[in-house]
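These notes are about the structure you will find just below.
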Amino acid sequence: MHSVLITGGAGFIGQNLVHAWRAARPGDQLVVLDALTYAANLRSLEPLIAGGQIKFVTGSINDADLVLRLFEEHRFTRVAHLAAESHVDRSIVDPEAFLQTNVLGTFTLLKAALDCWRASGTLELARFLHVSTDEVYGSLLPADPAFTETTPYRPNSPYAASKAASDHMVRAFVTTYGMPALITNCSNNYGPYQHPEKLIPLMIIHALEGKPLPIYGDGTNVRDWLHVSDHCEALMAVIDRGRIGETYNIGGGNERNNREVVGQICDAIDGAFSAEPGLASRFRSCPAAANLSCRSLMTFVTDRAGHDHRYAIDARKLADELGNRSSVRFEDGLRQTIRWYLDQETWWRDVTSGAYRDWIDKNYSFRIAV
Ligand code: NAD
Ligand code: TDX
């Protein structure tokens with residue numbers, strides 16, 4: 001049994017990880033630390049918090065006193081560090097928040113963990129999993145081989161640079177202080193609870209609302225899509241059985257360009273409307289409600305500054321060493337994800353309208369509790 005700290009547990013991947021961890025290891029004690037930024041959502045965690053199955057703490061990884069108090073009180077033996085500013089477009093507009101959380105916040109967390117584990121003589125038993133991204137490796141040309149764990153770092157966006165800096169700090173803690181840390185670099189995730197600012201949910205919601213589907217540049221940029229459930233399985237495999245000090249790449253083996261992905265979303269929504277006449281009255285502005293294709297909404301817009309052309313992950317190390325492989329086919333995962341957003345209309349309407357933010361501010365932000 002472990003005492004586990006999950007940072008960023010109210011974010012997209014964090015929420016999915018909390019549920020996956022709870023289901024896989026009901027004996028572990030889970031503490032979630034999250035600053036409840038705009039990207040957080042507690043709806044799916046509410047029942048676990050209310051039922052005492054997890055402890056939720058509102059607070060920042062940058063708050064050294066709070067983080068240290070949490071380590072002292074809960075004697076964590078596992079840390080899954082996901083808290084971050086995660087959206088590339090926001091990092092272009094406001095890079096500072098990315099340095100604060102992703103770089104300085106990671107340092108604060110590393111230092112608290114090290115101090116606490118050293119003081120209690122538990123360094124040998126503990127593990128710190130730093131969850132990072134494939135974006136640290138930069139951009140691939142169409143014929144380049146996929147990123148391996150030894151691909152040199154060449155981050156291009158402020159987000160990628162901040163994650164690269166945090167990876168380097170983790171590595172330095174391993175080699176300098178014997179920190180029992182591991183790093184994962186993962187490709188683009190999709191699935192339930194993803195914030196509507198990211199490509200797949202944004203396109204689903206815009207299509208349902210009959211708004212333009214803004215494809216950056218010519219839409220030939222390629223991402224390697226991984227269902228979030230596969231990511232969570234891989235993270236648990238790495239923290240359990242990975243070798244300390246090692247990096248593991250995690251990817252879906254599903255390279256698709258953005259134009260293809262958006263086209264697939266449009267076709268799947270068109271198909272859902274044909275099969276389910278009730279959708280037309282719920283989403284009257286969607287072209288599919290008038291028997292038109294959602295593809296009519298596809299719009300090519302000004303490209304993202306510094307837009308990486310292609311990411312692709314070579315995940316053989318994870319498969320060979322830890323026996324972990326992604327299992328969700330992109331077409332199946334995408335269909336399930338569209339179904340989720342169709343069924344969870346209240347969830348995304350609250351997020352996009354700001355109603356959820358108002359609720360959070362009223363109910364949670366003042367509760368900084370240890
Ligand atoms: P997200 O933006 O959905 O969630 C981030 C969470 O971190 C939010 O709940 C937010 O409130 C919290 N947070 C932000 N600043 C904080 C702070 N200072 N202290 C405490 N909590 C804070 O992000 P996500 O998509 O779930 O990504 C989680 C992690 O996985 C990130 O580290 C990201 O870099 C990495 N990652 C994401 C993807 C992806 O495709 N989404 C792919 C690879 C790696
Ligand atoms: O409106 C859009 N139009 C568009 O063409 C948006 C939001 C995105 N795009 C493009 C940009 C990218 O090529 O779609 C692709 C995916 O974009 P995002 O969803 O913003 O993801 P990306 O920038 O690839 O980064 C994601 O994967 C790696 C996550 O946001 C990161 O946190 C993760 O590290």
Side-chain angles (χ1 to χ4, degrees), residues 6-17 32-42 45 57-63 66-67 80-92 97-98 100-102 104-106 108-109 129-136 139 155-157 159-160 162-163 166-167 184-191 193-203 206 212-228 231-232 235 249-252 256-259 261-262 298-304 306-311 313 360 364:
I6 300 185
T7 71
F12 158 50
I13 301 170
Q15 287 175 70
N16 281 282
L17 182 64
V32 172
L33 172 63
D34 197 294
L36 297 181
T37 69
Y38 79 94
N41 199 297
L42 280 174
L45 301 185
V57 180
T58 310
S60 172
I61 55 167
N62 293 82
D63 181 342
L66 170 66
V67 172
H81 173 38
L82 291 91
E85 288 293 336
S86 70
H87 192 36
V88 173
D89 290 331
R90 286 180 188 257
S91 83
I92 294 167
F98 289 72
Q100 286 297 340
T101 288
N102 300 0
L104 296 176
T106 298
T108 300
L109 197 64
L129 173 65
H130 175 64
V131 178
S132 191
T133 173
D134 59 358
E135 304 205 8
V136 298
S139 183
N156 290 317
S157 70
Y159 163 69
S162 69
K163 293 295 290 188
S166 66
D167 292 8
T184 53
N185 294 95
C186 184
S187 61
N188 286 61
N189 281 219
Y190 69 102
Y193 305 111
Q194 188 165 30
H195 193 280
E197 69 188 354
K198 304 283 167 57
L199 179 77
I200 288 182
L202 183 142
M203 295 297 171
H206 277 215
L213 308 181
I215 301 171
Y216 298 161
D218 62 3
T220 58
N221 303 69
V222 172
R223 297 294 182 263
D224 176 356
W225 292 98
L226 177 75
H227 194 269
V228 65
H231 188 189
C232 292
L235 293 178
N249 279 356
I250 308 174
R256 300 280 187 286
N257 76 38
N258 295 335
R259 201 155 40 178
V261 171
V262 178
M298 286 168 70
T299 310
F300 293 89
V301 300
T302 308
D303 208 354
R304 172 186 279 175
H307 197 174
D308 284 337
H309 186 69
R310 174 180 164 236
Y311 305 139
I313 282 280
I360 281 262
Y364 272 91

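Note that ligands are numbered from 1 as they come in the structure, with each ligand's atoms numbered from 1 the same way. Hydrogens, waters and symmetry mates are skipped; everything else that's a heavy atom, side chains included, is used.
If you check which protein heavy atom lies closest to atom 8 (C) of ligand 2, you get Tyr216 CE1, 3.5 Å. Here the protein heavy atom with the shortest distance to atom 23 (O) of ligand 2 is Arg304 NH1, 2.6 Å. The shortest contact between atom 1 (O) of ligand 2 and any protein heavy atom is with Pro214 O, 3.4 Å. Of the protein's non-hydrogen atoms, His307 NE2, 3.4 Å is the one closest to atom 11 (C) of ligand 2. At the top of the distance list for atom 21 (O) of ligand 2, counting protein heavy atoms only, stands Asn188 ND2, 3.4 Å. Scanning the protein heavy atoms around atom 32 (O) of ligand 2, the nearest turns out to be Ser86 O, 2.8 Å. For atom 33 (C) of ligand 2, the closest heavy atom belonging to the protein is Tyr159 OH, 3.6 Å.
Considering backbone and side-chain atoms together, Ser60 places an N or O closer than 3.5 Å to an N or O of ligand 1. Checking only distances, Glu85 never comes within under 3.5 Å of ligand 1, N or O to N or O. Geometrically, ligand 2 and Leu202 share no nitrogen or oxygen pair separated by less than 3.5 Å. Below 3.5 Å of separation, one finds an N or O of Asn258 facing an N or O of ligand 2. The N/O atoms of Leu82, backbone and side chain alike, include one that comes under 3.5 Å of an N/O atom in ligand 1. Backbone and side-chain nitrogen or oxygen atoms of His81 are examined, and none is located within less than 3.5 angstrom of a nitrogen or oxygen of ligand 1. Checked by distance only, ligand 1 and Thr37 come closer than 3.5 Å through their nitrogen or oxygen atoms. Checking only distances, Leu33 never comes within under 3.5 Å of ligand 1, N or O to N or O. Inclusion of Thr133 in the set of residues having an N or O under 3.5 Å from an N or O of ligand 1 is not warranted. Polar contact with ligand 2: present for Glu135 (N/O pair, distance under 3.5 Å). Below 3.5 Å of separation, one finds an N or O of Ile13 facing an N or O of ligand 1. Taking only nitrogen or oxygen atoms, main chain and side chain alike, Thr133 reaches within less than 3.5 Å of ligand 2. The N/O atoms of Ser187, backbone and side chain alike, include none that comes under 3.5 Å of an N/O atom in ligand 2.
Residue contacts with ligand 2 for Val88 involve side-chain atoms from C-beta outward but no N, CA, C or O (heavy atoms, distance under 4.0 Å). Under 4.0 angstrom from ligand 1, the non-hydrogen atoms of Leu36 all belong to its backbone. With a 4.0 Å cut-off on non-hydrogen atoms, Lys163 does not touch ligand 2 at all.
The closest donor-acceptor contact from the side chain of Lys163 to the backbone of Val131 lies under 3.5 Å.
Using a 4.5 Å heavy-atom threshold, the side chains of Glu85 and Ser91 count as separate. With contacts defined as side-chain heavy-atom distances shorter than 4.5 Å, the pair Tyr38/His195 qualifies.
Between Asp167 and the options Asn185, Asn102, Thr106, a side chain to side chain contact (heavy atoms under 4.5 Å, CB included) holds for only Asn185. Exactly one of Cys186, Ser187, Ser157 qualifies for a side chain to side chain contact (heavy atoms under 4.5 Å, CB included) with Glu135. That residue is Ser157.
Close approach to Lys163 involves these atoms of ligand 1, each under 4.0 Å from a residue heavy atom: 31 (C), 32 (O), 33 (C), 34 (O). Near Ala39, meaning under 4.0 Å from one of its heavy atoms, ligand 1 places the atoms 2 (O). The atoms of ligand 1 that sit less than 4.0 Å from any heavy atom of Val131 are 30 (O), 32 (O). Every atom of ligand 1 with a heavy atom of Gly59 under 4.0 Å away is listed here by number and element: 19 (N), 20 (C). Of all atoms in ligand 1, listed by their number and element, those nearer than 4.0 Å to a heavy atom of Ser86 are 1 (P), 2 (O), 23 (O). Residue-ligand proximity, Tyr159 to ligand 1, at heavy-atom distances under 4.0 Å covers atoms 33 (C), 34 (O). Atoms of ligand 1 found under 4.0 Å from any heavy atom of Ala83, numbered from 1 in the order shown, are 7 (O), 20 (C), 21 (N), 22 (C). Counting atoms of ligand 1 from 1 in the listed order, those under 4.0 Å from a heavy atom of Asn188 are 40 (O). Counting the atoms of ligand 2 from 1 in the order shown, those under 4.0 Å from a heavy atom of Glu197 are 7 (C).
Distance check: Glu197 CD to Phe12 CZ gives 11.5 Å after rounding to the nearest 0.5 Å.
Residue nearest to atom 19 (N) of ligand 1, selected from Asn16, Thr108, Asp34, Ile61: Ile61 (by heavy-atom distance).
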